[in-house]
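If you're wondering where the values come from, they're calculated on a predicted model, not measured in any experiment.
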Amino acid sequence: MGCGASSPMPIYNLPNERSSLLPTSSTTLNQQLDLNQNPKRDRRRIVVPLDELVQNFLLVWLDEKIDESVDDYGHSIKQLRRTVNKIETFCETDECIEYILQLQNQKILLIISGALCETVVPRVHNMTQLYSIYVFCQKKEKYEEWAKQWSKVKGIFTEIIPVCDAVRQSARQCDEDSVQIGSEIEPSFMYTQLFKEIILTIDFDKTKEVKELVEYARKHPDYVENNAQLKLINKFGEEYGDDNITFEVIDKHDIDEKTLPPNHPALASSYNNIGAVYRNMGEYSKALSSFERSLEIQKIALPANHPDLAASYNNIGMVYDNMGEYSKALSSHERSLEIRTIALPPNHPDLASSYNNIGNVYDNMSEYSKALSSYEQSLEIKKIALPPNHPGLASSYNNIGLVYSNMGEYSKALSSYERSLEIKKIALPPNHPDLAASYNNIGMVYSNMGEYSKALSSYERSLEIEKIALPPNHPDLAHSYNGIGAVNLSCPIQSICYPMIIERFLMINVIDQLFEHHNQNHSTNFNNWLS
């Protein structure tokens with residue numbers, strides 16, 4: 001895909017999943033690489049040990065003048081592939097920035113052209129996912145003084161091989177900053193004692209699972225054409241497919257506690273991940289304890305307004321919300337927002353997330369005016385920070401519609417739900433469950449407005465999608481049958497509707513029985529509807 005395209009160009013390892021940005025001054029890449037009179041200057045091969053291949057980072061390369069047809073472009077990418085596992089390339093600045101904004105949980109290394117660095121770096125420098133920046137240009141001296149004011153700019157480069165060296169150095173430094181473990185221990189992350197217990201309780205057919213893993217890895221686009229990686233994959237299959245081999249689970253949390261200072265940020269990260277697992281399991285008291293321990297360490301180890309503190313307050317707020325302690329949830333989310341307002345750019349997506357979470361709490365407290373205000377603030381930020389048809393916008397419109405519906409303002413609720421649906425139709429596959437949710441919400445509004453034929457049409461469209469997208473005993477199917485039955489009960493000529501009512505509620509009864517052991521009642525009993 002050329003630079004005129006509207007989406008990033010993936011470059012895999014020999015291909016890669018994510019594209020990078022090609023930095024240039026106003027010259028083309030081949031001109032930059034031809035500065036030295038020796039035409040073989042950059043043709044020496046980088047020999048990188050396999051264990052030095054940077055696996056945990058995404059390299060993004062932004063350059064307006066990328067030309068894939070030029071030999072030097074291919075040479076540069078080839079050198080980078082020997083250094084970085086994943087590369088994404090962009091020609092358009094806004095598209096690149098939007099892409100980076102969506103990758104909240106990635107570690108990103110950015111190569112940028114001299115022509116773009118002075119305008120782009122101020123826009124991205126404070127993004128927490130961006131670890132380091134490399135300026136690739138023709139005239140090094142032109143940008144050296146400017147670079148001193150930006151701490152993430154690791155150097156100004158006129159050749160590709162020094163860039164590769166700098167990337168490896170940055171990756172090593174990041175790993176050392178995150179977890180400083182003795183040289184005998186591989187700093188691979190595992191979730192702590194809780195994670196170990198989960199792994200050890202899995203019913204694991206090692207021979208079968210290893211075979212399937214190897215087959216999957218061989219076909220993965222990151223490795224399919226990479227002979228060095230394929231040799232490692234084959235070696236793994238030969239050694240670990242042997243029934244005599246046993247797996248050893250390393251407990252990273254235990255390692256961290258024994259080898260790191262008591263208030264090291266890596267410990268905070270471990271406690272945070274433990275809390276996330278407990279929250280997903282519904283064990284909210286344990287989740288809260290872990291998140292609070294993470295926060296205690298961060299308060300000592302980090303500056304007062306560091307974004308990681310905001311993330312911890314956010315996590316604590318979400319647990320309190322799950323527990324129904326809404327005042328405490330609100331306090332935590334507001335503290336998170338205060339920090340993010342100071343630490344992040346004014347239209348950063350994390351600010352939108354904070355406003356959205358505050359809106360959720362107010363909605364749960366039935367303070368609908370405050371919920372609406374928060375949701376609308378979140379939406380305004382997303383409109384600036386995200387592409388026009390991003391699913392995040394659909395989520396905001398959906399939340400606003402929900403509040404309007406709770407307030408009885410059904411026309412406004414319908415307008416918001418329909419806008420959410422419009423975006424989802426563009427952003428999602430045609431039978432995505434989120435589309436079914438939108439049709440279900442629209443059906444409820446029409447039902448409340450007394451427009452039963454429109455309500456029935458929406459509920460049935462929701463049901464059509466759910467039958468394709470969901471397992472046959474999924475509770476959302478019961479919700480749709482329930483909605484259809486309720487509408488039919490409300491229709492003016494009930495004698496015509498009763499056969500359909502009986503059919504729908506029989507379906508609800510079947511689905512409810514499947515979930516009885518979970519004590520989940522996903523629909524209203526037929527007799528209650530008739531009474």
Side-chain angles (χ1 to χ4, degrees), residues 1-3 5-24 28-30 32-33 42 45-48 50-93 95-103 105-113 116-117 120 124 127 129-137 152 154-155 157 159-172 174 217 220-230:
M1 185 181 301
C3 282
S6 59
S7 58
M9 297 167 295
I11 298 176
Y12 298 103
N13 188 344
L14 284 181
N16 201 324
E17 257 184 335
R18 313 219 175 213
S19 40
S20 18
L21 310 176
L22 289 175
T24 65
T28 60
L29 180 61
N30 57 312
Q32 293 174 15
L33 295 177
D42 263 348
R45 176 172 181 153
I46 301 178
V47 180
V48 182
L50 290 176
D51 60 354
E52 288 190 26
L53 188 69
V54 178
Q55 300 276 359
N56 299 322
F57 290 81
L58 168 64
L59 180 63
V60 176
W61 194 353
L62 174 63
D63 191 330
E64 292 177 318
K65 307 263 185 199
I66 293 176
D67 186 351
E68 295 181 76
S69 64
V70 176
D71 289 342
D72 282 327
Y73 168 83
H75 168 67
S76 299
I77 292 299
K78 189 174 182 180
Q79 300 298 333
L80 288 170
R81 283 180 189 148
R82 296 193 179 110
T83 304
V84 184
N85 194 46
K86 294 184 178 182
I87 306 173
E88 294 284 346
T89 60
F90 292 84
C91 302
E92 297 179 3
T93 296
E95 183 184 1
C96 175
I97 293 175
E98 288 172 1
Y99 178 75
I100 294 174
L101 283 171
Q102 296 176 42
L103 303 177
N105 298 317
Q106 273 276 14
K107 295 177 182 177
I108 297 175
L109 309 174
L110 173 62
I111 302 177
I112 188 168
S113 67
L116 297 176
C117 66
V120 174
V124 302
M127 294 181 184
Q129 62 267 49
L130 185 62
Y131 185 74
S132 59
I133 302 169
Y134 315 88
V135 177
F136 191 24
C137 64
K152 291 184 180 179
K154 303 303 180 183
F157 303 90
E159 299 181 4
I160 197 64
I161 291 178
V163 174
C164 296
D165 294 338
V167 165
R168 286 195 298 276
Q169 182 178 352
S170 293
R172 284 195 295 267
C174 181
H220 194 278
D222 278 359
Y223 309 116
V224 68
E225 297 181 24
N226 191 322
N227 291 331
Q229 292 291 332
L230 289 174

Within the structure provided, determine whether Leu58 and Tyr99 are in side-chain contact (heavy-atom separation under 4.5 Å).
yes

Calculate, to the nearest 0.5 Å, the distance between atoms CD1 and CG belonging to Ile111 and Leu59 respectively.
4.0 Å

So which atom in Leu130 and which in Lys152 form the shortest heavy-atom distance, rounded to 0.1 Å?
O-NZ, 2.8 Å

Within-4.5 Å side-chain heavy-atom neighbours: Met127 and Ile97:
yes

Donor-acceptor pair, Glu95 side chain versus Phe90 backbone, under 3.5 Å?
no

Look only at the side chain of Lys154 and the backbone of Ala166, and say whether a donor-acceptor pair between them is shorter than 3.5 Å.
no

Side chain to side chain donor-acceptor pair (under 3.5 Å) against Thr93, all qualifying residues, sequence neighbours excluded
none

Non-hydrogen atoms of Ser132 and Tyr134 that approach each other most closely:
OG-OH, 2.7 Å

Measure the spacing between OH of Tyr131 and CD1 of Ile108 and express it to the nearest 0.5 Å.
14.0 Å

